[in-house]
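Keep in mind that what you see is a predicted model, and the values were worked out from it rather than measured. Index from 1, following the sequence. Quick note: numbers below take in every heavy atom, side chains included, and nothing from hydrogens, waters or symmetry partners.
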Amino acid sequence: MNRFPSINVLVLTGVIILISLVVDFSLSAKDDFFQLNYDWDNLKTLKTYSNISLDSLSYNYLSLNNVNDTDSIRTDDTFSINDTYYFRSGDINISNNALIFKGVYWINSTPKSNTLVKTLSRVYLPLNIEGDTKICMIGDSQVTWQDGKETRKKILKKINDITFVGVSKDVYGISYDSDLLQTTKSLLNTLNNIPEADVYTLFIGAHEDGIDTIGNLKQIIDFFNKRNNQIILIAPYFLSTPKKEILSNSIRSLYTTYENKKGIHVIYIDQVINYNRALLKNDGIHLTKEGHTLLTKSLISILKSLK
């Protein structure tokens with residue numbers, strides 16, 4: 001008796017496995033390879049700088065010499081080296097006639113240190129993400145600095161039918177509406193510039209002096225509440241100084257009064273990280289990578305519940 005399956009069975013099994021692998025890749029590719037989320041079909045070159053030279057290069061740093069007319073270069077831009085290596089940058093400045101990109105995110109691949117750099121181009125490369133639900137993340141350095149910028153990217157990996165909106169773009173090209181040193185006072189002055197969204201998240205307080213903070217927050221919350229959209233308030237957890245600790249406690253107390261109001265949801269950072277000081281950076285204000293991961297899970301849970 002032949003104990004082995006027939007050749008037809010083996011071929012059919014192989015085809016089924018191959019189809020399963022292809023389907024699995026098509027479903028998860030954009031999660032695992034974020035570069036697939038960019039709209040490469042609509043890539044356009046806006047300006048090219050020629051006759052430049054490479055000064056220094058690493059996985060998150062790039063310095064170029066002989067780049068002229070740099071006034072139009074901004075961190076909201078996307079760039080390419082030799083029309084081959086595409087990247088974005090979290091910080092751009094000029095020092096000793098060198099154009100320096102810091103916090104570089106290489107979109108498709110990283111050039112080697114001995115790459116002959118001929119051109120730098122400023123390009124239009126939008127994200128190909130157009131979900132039905134618009135989310136606007138508002139805040140300060142807690143939203144934009146270091147691991148904070150990963151939150152939006154992680155949310156996009158877990159929830160497909162959303163779009164982030166805002167006047168700025170992070171290093172991945174995802175929109176948001178936060179300034180590094182933003183305060184409730186400065187936010188009040190720009191409220192009318194914030195775009196319409198289905199969901200607003202507010203994570204602020206790191207740069208407050210405590211003067212009028214609570215009154216300002218009330219005005220900000222009421223402003224968004226009148227738009228009849230969903231609001232997610234994130235109460236900070238500061239342990240840097242006694243003054244900052246009192247401030248975060250005051251914000252927390254304010255947010256508890258909104259818990260049962262329609263359309264308002266509250267996340268308490270102290271509860272999210274289970275009061276673990278190790279999940280705050282050394283400054284006692286900003287979350288660590290692990291802390292942001294826990295916050296992101298809480299945000300995803302609320303956003304999914306709104307569907």
Donor-acceptor pairs are to be reported for all side-chain atoms of residues 72-80 against protein atoms at under 3.5 Å, with residues two or more places apart or in another chain.
residue, atom, partner, partner atom, Å
Asp76, OD1, Lys169, N, 3.2
Asp77, OD2, Arg74, N, 2.9
Thr78, OG1, Arg88, NH1, 2.8

Name of the residue among Phe164, Tyr176, Phe224 meeting ring pair (Phe, Tyr, Trp, His ring centres under 6.0 Å) with Tyr200: Phe224
Determine which pairs satisfy salt bridge (Lys or Arg N to Asp or Glu O under 4.0 Å) with at least one residue from [range], sequence neighbours left out, and list them in order.
| range | value |
| --- | --- |
| residues 51-68 | none |
| residues 140-150 | Asp147-Lys281 |
| residues 171-184 | none |

For Tyr86, all residues meeting ring-ring contact (aromatic ring centres under 6.0 Å, His included), sequence neighbours excluded: Trp40
Partners passing ring-ring contact (aromatic ring centres under 6.0 Å, His included) against His292 (at least two apart in sequence or in another chain): none
Heavy-atom donor-acceptor pair, Lys154 side chain to Lys297 backbone, under 3.5 Å: no
N/O donor-acceptor pair under 3.5 Å between Thr183 side chain and Ser186 backbone: yes
Steps toward side chain to side chain donor-acceptor pair (under 3.5 Å) verdict (Asn66, Asn68): CA-CA 6 Å; Asn66 304 322; Asn68 299 315; over 6 Å; no
Got a list of side-chain donor-acceptor pairs under 3.5 Å for residues 255-264, not counting sequence neighbours?
residue, atom, partner, partner atom, Å
Thr256, OG1, Ser253, O, 2.5
Thr257, OG1, Leu254, O, 2.5
Glu259, OE2, Tyr268, OH, 2.5

Under the salt bridge (charged side-chain N to carboxylate O under 4.0 Å, His left out) test, residues paired with Asp161 that sit two or more places apart: Lys307
Under the salt bridge (charged side-chain N to carboxylate O under 4.0 Å, His left out) test, residues paired with Lys243 that sit two or more places apart: none
Validation: residues 110-120 side-chain donor-acceptor distances under 3.5 Å, sequence neighbours left out:
residue, atom, partner, partner atom, Å
Thr115, OG1, Lys112, N, 3.0
Thr115, OG1, Lys112, O, 2.7

Leu202 reachable from Leu191 in the ILVMFWY side-chain graph, under 4.5 Å edges: yes
Atom pairs and distances, side-chain donor-acceptor, residues 213-223, under 3.5 Å, sequence neighbours left out:
residue, atom, partner, partner atom, Å
Thr213, OG1, Glu208, OE1, 2.7
Asn216, ND2, Thr184, OG1, 3.1
Asn216, ND2, Asp212, O, 3.1

CG (Asp209) with more than 12 external heavy atoms under 6.0 Å: yes
Rounded distance (nearest 0.5 Å) linking atom OG1 of Thr241 with atom CG of Leu247: 9.0 Å
Other ILVMFWY residues reachable from Tyr61 by side-chain steps of under 4.5 Å: Ile100
